[in-house]
Amino acid sequence: MLTRPDVPATAMEGPGHRGLNLEEPLLFEVGHVDATGVDLPKPPAVNDRLGKFARKSSLDLAGLSEPETMRHYVRLSRQNYAIDMNTYPLGSCTMKHNPRLNEKIARLPGFGDIHPLQPLNTVPGALEMMEQLGSWLMQLTGMNAISLSPKAGAHGELCGLMAIKAALRARGQAEQRTVVLAPASAHGTNPATAALLGFKVETIPARPDGTVDPADVKAKLGPEVAAIMLTNPNTCGLFERDIVAIAEVVHAAGAYFYCDGANLNAILGRAKPGALGVDAMHINLHKTLSTPHGGGGPGSGPVVLSDALARFAPTPFLKLEDNRPILVEDVSQAGIGEEPFGRLTAFHGQMGMWVRALTYLLSHGVDGVRQASEDAVLNANYVRARLSDLMTQPFGDKPCMHEVLFDDRFLEGTGATTLDIAKALIDEGYHPMTVYFPLVVHGAMLIEPTESESKESLDLFIDAMRRIIGRIKDGGGAALKEAPLHAPRRRLDETRAAREPKLRWKPAAA
Amino acid sequence: MRYLPHSEADRQAMLAAIGVSSIDALFADVPAAARFDQLPDLPMTQGEIEVERHMKALAGRNLSAESATAFFLGAGAYRHHVPASVDHLIQRSEFLTSYTPYQPEISQGTLQTLFEFQTQVATLTGMDVANGGMYDGSTATAEAVLMARRITKRSKSILSGGLHPQYRAVVETIEDMSAGSMVALPPDPNGTEDIIAQIDNETAAVVVQSPSFYGQLIDLKPIAEACHKAGALLVAVFTEVVSLGALESPGSQGADIVVGEGQSLGNPLTFGGPYVGLMATRNEFVRQLPGRLCGETVDAAGRRGFVLTLATREQHIRRDKATSNICTSSGLCALAFSIHMTLLGGTGLTRLAATNHARAVQLADALAAVPGIEVVNDIFFNEFTIRVPGDAAALVNRLTERGIVAGLPVSRLEPTRPELANLIIIAATELNGDAERERLIAGLRKVL
């Protein structure tokens, strides 16, 4: 039915532009199947070899000329929030600055224009680059083995749990150990990954201080437990202070410790996960090492492995021969003491992200990496200190790591909700913090400023928060239900989207 | 350090506001044994000049496709021309440095491009609906098999011998680790296997790649019919999305789930990743699709807008009951794909595909005229297999010494099958002109 976006009654006639806010129709409403932004030579004349499979119908996809293409996407881009615009305090997501040097390096022909199946003797620099990144990550985590190939954090979880399953098989215990323990505060990917591999997920409780008690873990452990999945620092922004004791009881019970490394950016250069008893941990290069989030990827999730799991690392993996990195691509090429559990992806993994991550590490240096972690933790605590008089914290006012967690008790009786604060922040020019996660905290607001924010920029964010909360406490909570008023769109009807799914454009019925 | 804004004075002022005397106080919960007493022996902060020098030296040791005198390697990743505007647009800060669009009021740019991407992928594949992208073609194939198992409530999958060997390995790993069962047919260079004979009432998914790994075009229709008769689903796979500009879509041939690699449009080779997996299906199966889905709705003022929807399939809502564990996927690669597709338009893609096919036909004919070389495939798109006298890997290496990247010796991915040791898979695209083809032929005549 809709061929042009509806415009509000208050807007001007026409396409709905207001000042610099330009509305943009769908590509399919402005483009044409014969329009093109690519001039291609006429194909050489040949007798085709397509047999009976040659396409008979024309491909009904709209195209645009190059200037129209630029406008289409530039206009759309301006309806997005971005780190390069302002603070992006999305807890657990680590929206830090994305250095442009990393983009430049990833586009060098020697990295961007090499094929994954070229003869390996034509890509020694690529293997050396992988070796250097792997070495940085192993040294910074204090672990001795790494699998670079997982394509995102959740893929890294899959890698880690598969290695654990392979280790259990080697011990003859895979049939018996079918349970994975995870706290209720875990990222959804943890239980989803465990379930994908057929594990039953059991929840471990948290103490009143927001961390896991080794005694509670011990009570859940038994001959049926394969592993524990624990995020550290955890999703409440707290360092699991009894993590060594937890690892000990887990290992004593014959199970493995998978550490969700999503929050490694708090401790990189300050703490060695390898000394905490970790058996496997993924590192989100798109969080901790600043490869851009790109509106939802690509990510990269290398996994460091303990000595107990190293030999089960999937193909491909690197090993050194005469100090030169060799790539083992096929299970049949594995050497003595190498028992790869299989393969997670075609080719080798996210080369483009590895290049950016190594560039990040070289730029920071080991001293800068440590400073970045310290500044991230400093910034989160500064926000905590300056908002703790107005907001409530689920586990009391005490130091946090790289993110600070608030609950919604301070909103009781005001008529306003966590969601209202999030949407009011949009009108103040900010992307909201993570809301309603972790699930264990009522009305959670998880703020992660990252090290990229200056003190001045944090002060402005804090001022905006204080203004919003001040308005709520002065009885203005109800007005926030209308927020946002100044964004490209008001609140969207998500119920309607799910009830009558409209997942693609279709031409209006003739 | 240029990326860290604080001065020492800022840090001190902030510590004072927090009420602690030093940063160490904020790390008090880290056990002593896990602290770095001294920093590991790694380089210290460096400026752009030094870092660039280091990285350029590494990059300079690799033979890039553009610096090869002839380059005909494909086998799942293809060298195509990417218009300059694609890379410019995906580097817009608003696309590059934004998160997954969970706050739709300030993410309409990403959401609308996702909706357009879904429409493009559904149209190309001839399916009802596509998701917002997967990591790559191989992981999308594994997800398709899992999806078919959920829909059919059966556990067996049958993989064609024409499936890319590394895709096969990815599916095999998932099946092995998740209590599925799998039958993989032996490698099938010229598309003569009888996969229909393998389908039974236990079969959840039949996975067929066309054009196959070896380049052969496969008739999906009879396989789809046999699948449906047995209550199984046909998973159609492609690794070269440009082929959809020249070939009847998998959807029109009866596929139930279509998955493939989208790298060829918008995305550089980059040694294998990041790429973007494409995944499409029929409306009736949409609630079993993994990954993000963007849907149309309206805002409080009645204006059209877009949101992520049907999130009850996803891990952040359903946790251990989710359709997949996938979270961060390939957003920016999907955007690059979509922009390139927009620049081409339907007619442009058809023309690009025709050029690719014509270049491959010219190459196949030229190779067939070289004594000792046999072209294995009778029908193909932009890629085919040749049989050479002797060891294919050794031949490819001899050509590499002359700066020619001739193709993939099949033994690289099938090292345990000596019967394939004399096969090379060769791809041609719009970038391979007459002179490049002649260099390959001349090189071959010299080293054979």
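Since this is a predicted model, take the numbers as computed values, not measurements. The sequence lines fix the lettering, A, B, ..., with proteins before strands; numbering per chain opens at 1.
- For the residue pair Tyr88(A)/Thr97(B), the side-chain donor-acceptor check at 3.5 Å is not satisfied.
- Residue Asp29(B) holds its CG atom at 11.0 Å from CD1 of Ile243(A), rounded to the nearest 0.5 Å.
- Looking at Asn47(A), only its backbone comes within 4.5 Å of chain B, counting heavy atoms on both sides.
- For Leu140(A), the parts lying near chain B are the backbone and the side chain together; criterion is any non-hydrogen pair under 4.5 Å.
- Counting all heavy atoms, side chain and backbone alike, Gly299(A) lies closest to Thr328(B) at N-CG2, 3.8 Å.
- Taking all atoms of both residues into account, the shortest heavy-atom contact from Thr100(B) to Gly296(A) is OG1-CA, 3.4 Å.
- Interface remark: Leu197(A) contributes backbone and side-chain atoms alike to the contact with chain B (heavy atom separation under 4.5 Å).
- With no hydrogens or angles considered, a side-chain donor-acceptor pair links Asp34(A) and Thr347(B) at under 3.5 Å.
- Asn325(B) and Thr189(A) form no side-chain donor-acceptor contact under 3.5 Å, judged by distance and modelled atom types alone.
- Within the 3.5 Å criterion, the main-chain N or O of Val307(B) finds no donor-acceptor partner in the side chain of Glu494(A).
- One side chain, Ser77(A) or Arg92(B), offers a donor N or O that lies under 3.5 Å from an acceptor on the other.
- Contact tally against chain A (heavy-atom pairs below 4.5 Å) for Leu332(B), Thr270(B), Asp378(B): the top residue is Thr270(B).
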Would Asn80(A) and Ser107(B) count as a side-chain hydrogen bond (donor to acceptor under 3.5 Å, both in side chains) here? Give the steps. CA-CA 4 Å; Asn80(A) 269 3; Ser107(B) 311; 5.0 Å; no

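- To the nearest 0.5 Å, atoms CG (Asn381(A)) and CE (Met14(B)) are separated by 9.0 Å.
- Only the side chain of Arg107(A) comes within contact range of chain B, with at least one heavy atom under 4.5 Å from a heavy atom of that chain.
- Heavy-atom distances place the side chain of Asn98(A), and not its backbone, under 4.5 Å from chain B.
- In this structure, Pro415(B) and Ser332(A) approach most closely via the heavy-atom pair CG-OG, 3.5 Å.
- Between the side chain of Asp113(A) and the backbone N or O of Glu66(B), at least one donor-acceptor pair lies under 3.5 Å.
- With respect to the salt-bridge test (charged N to carboxylate O, under 4.0 angstrom), the residues Asp375(A) and Arg11(B) qualify.
- For a residue to count as touching a neighbouring chain, one of its non-hydrogen atoms must lie under 4.5 Å from one of that chain's; by this rule Leu503(A) touches chain B with backbone and side chain alike.
- For the pair Thr119(B) (side chain) and Trp505(A) (backbone), a donor-acceptor distance under 3.5 Å is present.
- Rounding to the nearest 0.5 Å gives a distance of 8.0 Å between OG1 of Thr345(A) and OH of Tyr167(B).
- Asp10(B) and Ser454(A) share no side-chain donor-acceptor pair at under 3.5 Å.
- Smallest separation of non-hydrogen atoms from Glu66(A) and Leu343(B): CA-CD2, 4.1 Å.
- In this structure, Glu94(B) does not pair ionically with Arg78(A), as no charged nitrogen and carboxylate oxygen lie closer than 4.0 Å.
- Contacts between Asp330(A) and chain B at a heavy-atom distance below 4.5 Å involve the side chain alone, from C-beta outward.
- Both the backbone and the side chain of His431(A) come within contact range of chain B, judged by heavy atoms closer than 4.5 Å.
- Separation of atoms CZ (Phe271(B)) and CD (Gln350(A)) is listed at 13.0 Å; rounding is to 0.5 Å.
- Both the backbone and the side chain of Val33(A) come within contact range of chain B, each with at least one heavy atom under 4.5 Å from a heavy atom of that chain.
- Among Met1(B), Arg351(B), Arg292(B), Gln362(B), the residue making the largest number of heavy-atom pairs under 4.5 Å with chain A is Arg351(B).
- A cation-pi geometry, defined here as NZ or CZ lying under 6.0 Å from the six-membered ring centre and within 45° of its normal, does not hold between Arg49(A) and Phe380(B).
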Steps toward ring-ring contact (aromatic ring centres under 6.0 Å, His included) verdict (His286(A), Tyr99(B)): CA-CA 11 Å; His286(A) 49 295; Tyr99(B) 196 70; 8.6 Å; no

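- Contacts between Pro124(A) and chain B at a heavy-atom distance below 4.5 Å involve backbone atoms as well as side-chain atoms.
- Per-residue heavy-atom pair counts under 4.5 Å with chain A were compared for Leu96(B), Val396(B), Thr400(B), and the maximum is reached by Leu96(B).
- No side-chain donor-acceptor contact under 3.5 Å links Arg61(B) to the backbone of Glu128(A).
- Contacts of His97(A) with chain B are made by side-chain atoms alone, with heavy-atom separations under 4.5 Å and no backbone atom involved.
- Panel note: side chain Thr45(B), backbone His364(A); a donor-acceptor pair is recorded below 3.5 Å.
- Ranking Val51(B), Thr309(B), Leu42(B) against chain A, the residue ahead of the rest is Leu42(B), based on heavy-atom pairs under 4.5 Å.
- Using modelled atom types, one side-chain atom of Asn62(B) and one backbone atom of Gly125(A) make a donor-acceptor pair closer than 3.5 Å.
- No donor-acceptor pair under 3.5 Å is formed between the side chain of Gln108(B) and the backbone N or O of Leu76(A).
- Using a 4.5 Å cut-off between heavy atoms, Arg491(A) touches chain B through backbone and side chain atoms alike.
- For the residue pair His6(B)/Glu374(A), the side-chain donor-acceptor check at 3.5 Å is not satisfied.
- Rounding to the nearest 0.5 angstrom, the gap separating the CD1 atom in Ile379(B) from the CZ atom in Phe53(A) is 5.0 Å.
- For Glu453(A), the part sitting under 4.5 Å from any heavy atom of chain B is the backbone (N, CA, C, O) and nothing else.
- Ranked by heavy-atom pairs under 4.5 Å with chain A, the list Arg359(B), Glu248(B), Gln118(B), Glu105(B) is led by Glu105(B).
- Relative orientation of the His155(A) and Tyr135(B) rings is tilted, given thresholds of 30° and 60° on the angle between their planes.
- One N or O on the side chain of Thr297(B) and one on the backbone of Asp493(A) form a donor-acceptor pair closer than 3.5 Å.
- When only modelled atom types and interatomic distance are considered, Arg343(A) and Ser138(B) share no side-chain donor-acceptor pair under 3.5 Å.
- The shortest non-hydrogen separation linking Met95(A) to Ser98(B) is CE-C, 3.7 Å.
- Only the backbone of Ala62(A) comes within contact range of chain B, with heavy atoms under 4.5 Å apart.
- The heavy-atom pair separating Ala246(B) from Leu50(A) by the smallest distance is O-CD1, 3.9 Å.
- Side chain to side chain, Arg55(A) and Ser249(B) fail the donor-acceptor criterion of an N or O pair below 3.5 Å.
- Side chain of Glu116(B) to main chain of Leu27(A): a donor-acceptor pair is present (N/O by atom type, distance under 3.5 Å, no hydrogens or angles).
- Each of Ala358(B), Gly305(B), Gly345(B), Ala34(B) has some count of heavy-atom pairs under 4.5 Å with chain A, and the biggest count is that of Ala34(B).
- Listed for the Thr36(A) side chain is a donor-acceptor partner under 3.5 Å among the backbone atoms of Leu344(B).
- Rounded to the nearest 0.5 angstrom, Asp136(B) CG and Phe347(A) CZ are separated by 8.0 Å.
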